[in-house]
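I have a structure I would like to understand better, so I am pasting it below and will then ask my questions one at a time.
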There are 2 protein chains.
Amino acid sequence: MDELDASIVRLLQSDARLSNRELARRLGVAPSTALERVRALTRRGVIRGYGAHVDLKALGRHAEALVSVQLGRHQRSMYETFRETVGSWPEVVTLFVVSGGSDIVLHVAVQDVEQLHAFLVDRLATRPEVARFQTSMVFGRDHNRVLEPLDGEGPGA
Amino acid sequence: MDELDASIVRLLQSDARLSNRELARRLGVAPSTALERVRALTRRGVIRGYGAHVDLKALGRHAEALVSVQLGRHQRSMYETFRETVGSWPEVVTLFVVSGGSDIVLHVAVQDVEQLHAFLVDRLATRPEVARFQTSMVFGRDHNRVLEPLDGEGPGA
DNA sequence: AGTGAAAGACATTTAAA
DNA sequence: TTTAAATGTCTTTCACT
């Protein structure tokens with residue numbers, strides 16, 4: 001992960017559709033070099049994929065919430081089932097596995113407040129693993145879509 | 001937002017680097033049609049950009065947390081300053097503006113637990129707007145990177 | 001709104017340093 | 001690892017439906 005790799009990762013985070021030619025031009029290297037670097041980063045799992053960022057409201061999702069969930073005392077396998085099931089529900093944008101006051105935090109985005117209530121009552125509350133949950137409405141959200149590498153001890157690492 | 005648009009949005013969320021030709025082939029339309037649809041979706045703000053998904057650990061970020069922040073009684077302008085400043089700190093992946101027990105929830109990702117503590121004590125706690133905060137370690141995370149449109153009343157909307 | 005053909009731009013491979 | 005050249009594919013425009 002040298003400076004060239006760091007630049008590639010930065011540029012592709014901010015625009016995944018950059019042509020390889022343009023990427024190479026901005027890096028000051030040959031296109032084939034850029035191509036090989038991108039492939040290596042992908043092979044090493046640094047770059048995990050490319051996605052379009054879509055406006056949630058344009059998808060008809062006008063209500064967002066963070067839901068802190070406490071699970072009951074169950075076996076690990078039940079936690080994993082919960083995570084896999086709930087994490088792939090279409091209403092769930094992100095599922096966080098956390099410690100502290102809660103076990104799971106869900107970021108959900110649905111059509112409106114009514115649908116949010118329906119989600120909480122009909123879908124979440126009926127899961128046998130759920131003991132309690134607490135909901136915070138989300139009124140705004142800022143994503144840092146370009147994340148820089150953080151080094152342990154200076155730029156030499 | 002007809003079914004063709006919905007398919008485009010789905011396909012580009014799952015792979016932003018799909019060639020326009022391949023996109024058109026999967027949609028069953030001509031490349032020029034696919035191109036115009038994608039441009040219209042971009043113009044209308046449905047597609048907001050394209051990004052590479054990068055492994056946080058590959059960026060040297062091995063510790064993640066959700067930090068619930070309560071702000072003091074300040075003017076709106078100070079809240080906005082806080083949001084803009086903190087939301088663009090490199091440690092912050094996402095900033096949520098919420099209601100309920102807290103005013104702000106931060107998803108932060110840093111090198112290790114030591115750096116997390118330093119972030120909380122040296123950077124967050126020293127902000128004048130911050131009254132209290134509470135930290136939950138994040139041990140796992142599942143993103144739903146392909147979000148479908150949710151319709152109010154059936155597929156006809 | 002959708003299409004097909006044409007021109008130019010591009011990705012990708014290869015051989016070599 | 002990086003490069004330049006070459007091939008085949010792709011994006012994009014435009015006249016037409």
Side-chain angles (χ1 to χ4, degrees), chain A residues 1-55 57-60 145-146 148-149 151-152 154-157, chain B residues 1-55 57-60 145-146 148-157:
Chain A
M1 197 70 179
D2 58 9
E3 289 206 10
L4 198 56
D5 284 336
S7 296
I8 289 171
V9 164
R10 179 164 34 75
L11 287 165
L12 289 182
Q13 281 181 102
S14 81
D15 181 7
R17 301 209 89 178
L18 263 185
S19 77
N20 185 62
R21 258 176 173 271
E22 178 62 16
L23 178 65
R25 198 189 62 75
R26 297 200 195 174
L27 296 168
V29 300
S32 47
T33 302
L35 196 63
E36 178 49 32
R37 288 293 192 122
V38 171
R39 281 178 175 164
L41 287 165
T42 305
R43 210 178 324 114
R44 280 154 50 201
V46 178
I47 294 174
R48 300 182 70 89
Y50 304 93
H53 303 309
V54 174
D55 181 37
K57 287 184 180 158
L59 295 178
R145 303 238 186 239
V146 182
E148 306 279 345
D151 293 313
Chain B
M1 198 67 180
D2 58 9
E3 288 206 10
L4 199 56
D5 284 336
S7 296
I8 290 171
V9 164
R10 179 165 36 75
L11 287 165
L12 289 182
Q13 281 181 103
S14 83
D15 182 5
R17 301 208 91 179
L18 261 188
S19 76
N20 185 63
R21 267 183 112 81
E22 179 62 15
L23 177 65
R25 199 188 63 75
R26 297 199 195 173
L27 296 169
V29 299
S32 47
T33 302
L35 194 62
E36 177 49 31
R37 287 292 194 125
V38 171
R39 281 179 174 163
L41 286 165
T42 305
R43 213 173 21 237
R44 281 154 50 200
V46 177
I47 294 174
R48 301 181 71 90
Y50 304 93
H53 304 309
V54 174
D55 182 36
K57 287 184 180 159
L59 295 178
R145 303 236 185 241
V146 181
E148 306 280 345
L150 296 180
D151 294 311
E153 49 237 85

Between C/dC10 atom P and A/Arg25 atom CZ, what is the distance in whole Å?
10 Å
Rounded to the Å, how far apart are A/Arg17 CZ and C/dA9 C1'?
15 Å
Check every strand shown and say whether B/Ser19 touches a base, only sugar-phosphate, or nothing at a heavy-atom separation below 4.0 Å.
sugar-phosphate
Without decimals, in angstroms, what is the distance between A/Tyr50 OH and C/dA11 C1'?
13 Å
For the helix from C/dA1-D/dT17 to C/dA17-D/dT1, figure out the bend between the end axes, five pairs an end, and round to 10 degrees.
30°
Are B/Leu12 and A/Tyr50 close enough, and set up right, to give a side chain to side chain contact (heavy atoms under 4.5 Å, CB included), and what steps lead you there?
CA-CA 8 Å; B/Leu12 289 182; A/Tyr50 304 93; over 6 Å; no
For B/Val9, is there any backbone N or O sitting under 3.5 Å from a side-chain donor or acceptor partner on B/Gln13?
yes
Distance, rounded to the nearest Å, where B/Asn20 contributes CG and D/dT12 contributes C1'
9 Å
Roughly, in whole Å, what's the span from CG in A/Leu23 to P in C/dA9?
19 Å
Backbone N or O of A/Val29 within a donor-acceptor pair of the A/Thr33 side chain at under 3.5 Å?
no
Testing C/dA1, D/dA4, D/dT1 for proximity to the side chain of A/Arg37, the answer is D/dT1
Taking the side chain of A/Arg21 as heavy atoms from C-beta outward, which of D/dA4, D/dC14, C/dA11 is closest to it?
C/dA11
Distance check needed: C/dC10 P versus A/Glu22 CD, whole Å only.
8 Å
Whole-Å distance separating the CD atom of B/Glu36 from the C1' atom of D/dT11
14 Å
Between C/dT12, C/dG2, D/dT13, which nucleotide gets closest to the side-chain atoms of B/Thr33?
C/dG2
Decide yes or no on side chain to side chain contact (heavy atoms under 4.5 Å, CB included) for B/Val54 and A/Leu41, but give the supporting numbers first.
CA-CA 10 Å; B/Val54 174; A/Leu41 287 165; over 6 Å; no
Would you mind reading off the distance between B/Leu18 atom CG and C/dC10 atom P, rounded to a whole angstrom?
19 Å
When you measure from the side chain of B/Arg17 to the backbone N and O of A/Leu18, does any donor-acceptor pair fall under 3.5 Å?
yes
Can B/Asp5 and B/Arg10 be counted as an ion pair, charged N to O under 4.0 angstrom?
no
Apply side chain to side chain contact (heavy atoms under 4.5 Å, CB included) to residues A/Val46 and B/Asp55 and explain how you reach the verdict.
CA-CA 5 Å; A/Val46 178; B/Asp55 182 36; 5.7 Å; no
From the list C/dG2, D/dT2, D/dT12, which nucleotide is the closest neighbour of the side chain of B/Pro31?
D/dT12
Contact class for A/Arg39 vs. all strands (heavy atom < 4.0 Å): base, sugar-phosphate, or nothing?
sugar-phosphate
